[in-house]
Amino acid sequence: MNQPSIPKGTRDFSPEIMVKRNYIFSVIRQSFERFGYMPLETPSMENVETLTGKYGDEGDKLIFRILDSGDYLKEVSDEQLQSRNLSQITKGIAEKALRYDLTVPFARFVVMHQNKIAFPFKRYQIQPVWRADRPQKGRYREFYQCDADVVGSDSLLNEVELVQIFDEVLTKLRVPSVIKINNRKILYGIAEVAGIADRMMEMTIAIDKLDKIGESGVIEELRTREFSDESINVIKGLFEMTGDYESRLNAIAVMLRGSETGLKGVEELQSIFNDVNTLGLNDCELELDITLARGLNYYTGAIFEVKAKNVQMGSICGGGRYDDLTGIFGLKGVSGVGISFGADRIFDVMTELNVFPSGTDSTTRLLFVNFGKTEELHCMKLLREIRKAGINAEIYPEQGKLKKQFKYADDKGIPFVATIGSEEMSKGIIALKDMKSGEQKHVSLPDLIHLLKA
RNA sequence: GUGGUCGUAGCUCAGCUGGUAGAGCUCCAGAUUGUGGUUCUGGCUGUCGUGGGUUCGAGCCCCAUCGAUCACCCCA
């Protein structure tokens with residue numbers, strides 16, 4: 001018999017892990033709502049046309065398609081099958097696909113419901129997305145994104161607030177991070193000045209790898225992509241910029257003086273930096289990274305990427321402004337900006353840093369030991385009061401060796417155990433043991449509730 | 001989609017130039033019939049990923065296949 005298994009790149013989440021995951025989700029959700037974002041959910045699957053063409057050629061390949069039900073070959077001719085023209089055949093047999101991110105379905109939603117929506121529209125969405133990637137460290141085929149987006153507002157105040165959300169959430173989760181920011185307009189300006197405006201995508205893919213393959217690696221990549229020496233020389237100028245964001249932005253402004261778009265990008269970043277610095281951040285830093293590109297090609301303005309400090313891991317959050325994502329679906333002139341937390345990577349980082357707070361081991365706070373029928377009923381009465389007081393509590397469902405019952409509490413990470421035998425029962429008291437310190441004392445029911453509520 | 005590494009007990013792994021498998025941890029029981037985590041004692045656990053080949057004989061060599069993992073591309 002084959003061992004049962006799950007698809008590549010997917011995972012089961014055990015109760016112990018889910019308690020911790022839910023902690024992350026709740027912190028993120030709380031901050032989103034604190035900043036005025038409202039919840040939204042969209043279907044796991046979308047029509048294929050909704051998704052294709054939004055994520056670049058590479059992205060299209062990574063979309064999971066869903067095979068049609070029934071006689072799914074009925075629309076495919078024998079000639080098409082013979083020719084093995086995959087893209088043609090795929091169209092005929094798969095009209096649905098699993099969502100690849102949350103931003104595109106959101107844009108689709110905004111367009112479909114534009115008449116019912118009050119703009120600026122702020123929504124958050126916490127749902128899984130799927131990518132047919134080959135799994136590796138920190139990369140899964142099914143993972144959760146936690147997005148907050150606002151559409152219908154051009155104001156850079158949104159960008160500033162989104163940086164504050166990054167900072168608030170990651171500070172609460174005890175994951176100090178660097179928030180890298182750049183602007184697509186600047187990248188476009190560079191391409192323009194270098195005379196390669198039409199090949200901006202290629203250029204950004206190359207310079208995005210700077211921290212991975214170094215300056216010489218980037219230049220080599222540009223060469224193999226057959227960029228001219230003049231263009232490469234212009235791009236090289238980027239690597240020579242040093243100092244704080246102000247001096248670097250000034251240097252870029254000089255470099256981009258021939259590009260109106262590029263200068264607009266510089267101006268935007270200056271504004272965002274000024275505001276963020278005036279307001280201040282907690283445990284995160286905002287850092288200008290001119291080489292930051294981001295692959296999703298719908299971004300047009302500010303782009304974000306967040307990396308946890310002191311951990312070897314890809315980016316844990318991303319985001320950016322997209323001026324015309326809704327335009328693709330027929331609603332022009334509505335700009336949006338949003339961010340995304342990668343909950344699975346944040347989980348991995350928190351595990352590595354060991355920063356989960358106590359209380360994320362178990363949802364149960366108190367276990368009653370079971371001594372038999374009479375005591376059982378007595379405990380059940382107390383449990384009603386304890387649960388009414390909002391404390392998560394349970395009783396071991398059968399009489400058994402104390403060793404076994406205490407071990408159960410220990411395995412489950414339950415912090416308190418109440419023991420009520422005949423003696424306690426007759427005196428109307430509870431023997432309460434703190435499993436962490438090992439201390440045990442007799443308390444009354446109100447005392448116990450008071451103690452566990454704290 | 002391309003390339004590398006690895007599959008032996010529930011987990012982490014050892015196993016010499018081929019001679020029919022072992023350690024630690026976990027788990028279970030007892031020491032302790034009203035107390036977990038620490039300590040001590042005892043015990044269970046394997047189609048050596050799968051299929052084929054070479055050989056008197058394969059965990060070890062060869063081929064295939066599946067799975068895991070890391071890197072590239074790309075990305076949370």
Side-chain angles (χ1 to χ4, degrees), chain A residues 1-9 11 24 28 55-63 86 100-103 126-147 177 201-202 204-206 208-209 212-213 217 221 292-297 303-308 312-320 338-349 361 367-372 375 396 399-425 431-440 442:
Chain A
M1 279 296 106
N2 288 348
Q3 290 279 315
S5 63
I6 55 175
K8 198 195 292 263
R11 296 149 301 156
I24 295 173
I28 293 172
Y55 310 109
D57 291 342
E58 287 296 324
D60 277 2
K61 286 185 206 152
L62 300 180
I63 294 171
L86 289 185
Y100 180 90
D101 72 354
L102 301 177
T103 311
I126 298 178
Q127 289 188 273
V129 303
W130 294 268
R131 296 187 186 175
D133 223 345
R134 200 178 273 204
Q136 55 181 277
K137 184 172 179 171
R139 180 181 293 191
Y140 308 100
R141 292 184 132 184
E142 176 184 62
F143 60 99
Y144 271 72
Q145 288 195 330
C146 313
D147 278 32
S177 303
M201 264 307 286
E202 268 186 276
T204 55
I205 286 171
D208 190 41
K209 294 178 191 163
K212 212 176 225 170
I213 58 180
E221 168 131 6
L292 176 62
R294 294 192 52 76
L296 301 182
N297 56 11
I303 42 181
F304 303 106
E305 194 160 290
V306 180
K307 285 204 143 189
Q312 191 61 39
M313 175 73 71
S315 53
I316 54 174
C317 311
I339 56 173
S340 177
F341 289 84
D344 303 82
R345 284 195 180 170
I346 290 173
F347 180 94
D348 291 350
V349 167
D361 292 328
L367 173 79
F368 274 88
V369 166
N370 192 325
F371 270 98
E375 293 87 349
Y396 196 84
Q399 189 178 356
K401 284 190 176 146
L402 283 199
K403 186 184 171 85
K404 197 173 173 186
Q405 300 193 41
F406 270 84
K407 190 165 157 35
Y408 172 80
D410 196 48
D411 287 345
K412 260 186 91 167
I414 299 172
F416 293 96
V417 175
T419 309
I420 301 180
S422 52
E423 199 183 325
E424 285 87 356
M425 221 177 111
L432 182 68
K433 180 163 181 173
D434 179 331
M435 293 296 278
K436 200 169 175 193
S437 67
E439 282 168 35
Q440 181 165 307
H442 284 117

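Every chain is numbered from 1 and lettered A, B, ... according to where its sequence line falls, protein lines coming before strand lines.
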Base, sugar-phosphate, or nothing: which does [X] touch, judged by heavy atoms less than 4.0 Å apart?
X	result
Lys61(A)	nothing
Gln405(A)	nothing
Glu305(A)	nothing
Tyr144(A)	nothing
Gly59(A)	nothing
Glu142(A)	nothing
Lys407(A)	sugar-phosphate

Length of the [atom1]-[atom2] vector between [X] and [N], whole Å:
X	N	atom1	atom2	value
Lys433(A)	U35(B)	NZ	C1'	5 Å
Asp208(A)	C75(B)	CG	P	8 Å
Phe416(A)	U35(B)	CZ	C1'	16 Å
Glu202(A)	C74(B)	CD	C1'	15 Å
Glu424(A)	U35(B)	CD	C1'	12 Å
Met313(A)	C75(B)	CE	C1'	13 Å
Asp410(A)	U26(B)	CG	P	13 Å
Tyr100(A)	C75(B)	OH	C1'	6 Å

Under 3.5 Å for both donor-acceptor distances, Watson-Crick or wobble: does [N] have a partner, and if so which one?
N	result
G42(B)	C28(B)
A21(B)	none
C74(B)	none
A58(B)	none
G67(B)	C6(B)

Checking [X] side chain against [Y] main chain: does a donor-acceptor pair fall under 3.5 Å?
X	Y	result
Arg141(A)	Pro135(A)	no
Asp348(A)	Gly138(A)	no
Asp361(A)	Gly413(A)	no
Glu142(A)	Arg11(A)	no

Can you tabulate the close N/O pairs, meaning under 3.5 Å, that link protein atoms to atoms of nucleotides 70-73 of chain B?
from: C70(B); atom 1: OP2; to: Lys137(A); atom 2: N; distance (Å): 3.0
from: A71(B); atom 1: OP2; to: Gln136(A); atom 2: OE1; distance (Å): 3.0
from: C72(B); atom 1: OP1; to: Lys212(A); atom 2: NZ; distance (Å): 3.3
from: C73(B); atom 1: OP1; to: Lys209(A); atom 2: NZ; distance (Å): 3.1
from: C73(B); atom 1: N4; to: Arg139(A); atom 2: NH1; distance (Å): 2.5
from: C73(B); atom 1: N4; to: Arg139(A); atom 2: NH2; distance (Å): 3.4

| request: Respond yes when some side-chain nitrogen or oxygen of Lys436(A) is under 4.0 Å from OP1 or OP2 of G37(B), and no when none is. | output: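 For Lys436(A), the contact criterion (side-chain N or O under 4.0 Å from OP1 or OP2 of G37(B)) is not met.
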| message | Measuring to OP1 and OP2 of U33(B), would you say a side-chain N or O of Lys404(A) lies under 4.0 angstrom away? | response |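 No, outside the criterion.
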| request: Determine the sole option in Tyr140(A), Tyr100(A), Phe143(A) for which the side chain to side chain contact (heavy atoms under 4.5 Å, CB included) test with Val129(A) is passed. | output: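 In the set Tyr140(A), Tyr100(A), Phe143(A), the residue that makes a side chain to side chain contact (heavy atoms under 4.5 Å, CB included) with Val129(A) is Phe143(A).
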| request: Using heavy atoms to find the nearest nucleotide of RNA chain B for Ser340(A) and Ile6(A) separately, return the residue whose nucleotide is more 5′. | output: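 Mapping each residue to its closest nucleotide by heavy atoms, the 5'-most match is Ile6(A).
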| Between Asp344(A) and Pro7(A), who's closer to the 5' end of RNA chain B by nearest nucleotide? |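 Result of the comparison: Pro7(A).
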| query | Between Asp57(A) and Lys61(A), does at least one N-O distance fall below 4.0 Å, as a salt bridge requires? | reply |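 Looking at Asp57(A) and Lys61(A), the cut-off is not met.
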| What's the closest nucleotide to the Leu402(A) side chain, out of U35(B), G36(B), A76(B)? |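 Shortest atom-to-atom distance from the side chain points to U35(B).
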| task | State, with a plain yes or no, whether a side-chain heavy atom of Thr419(A) is found less than 4.5 Å away from one of Phe406(A). | result |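 Thr419(A) vs Phe406(A): side chains touch.
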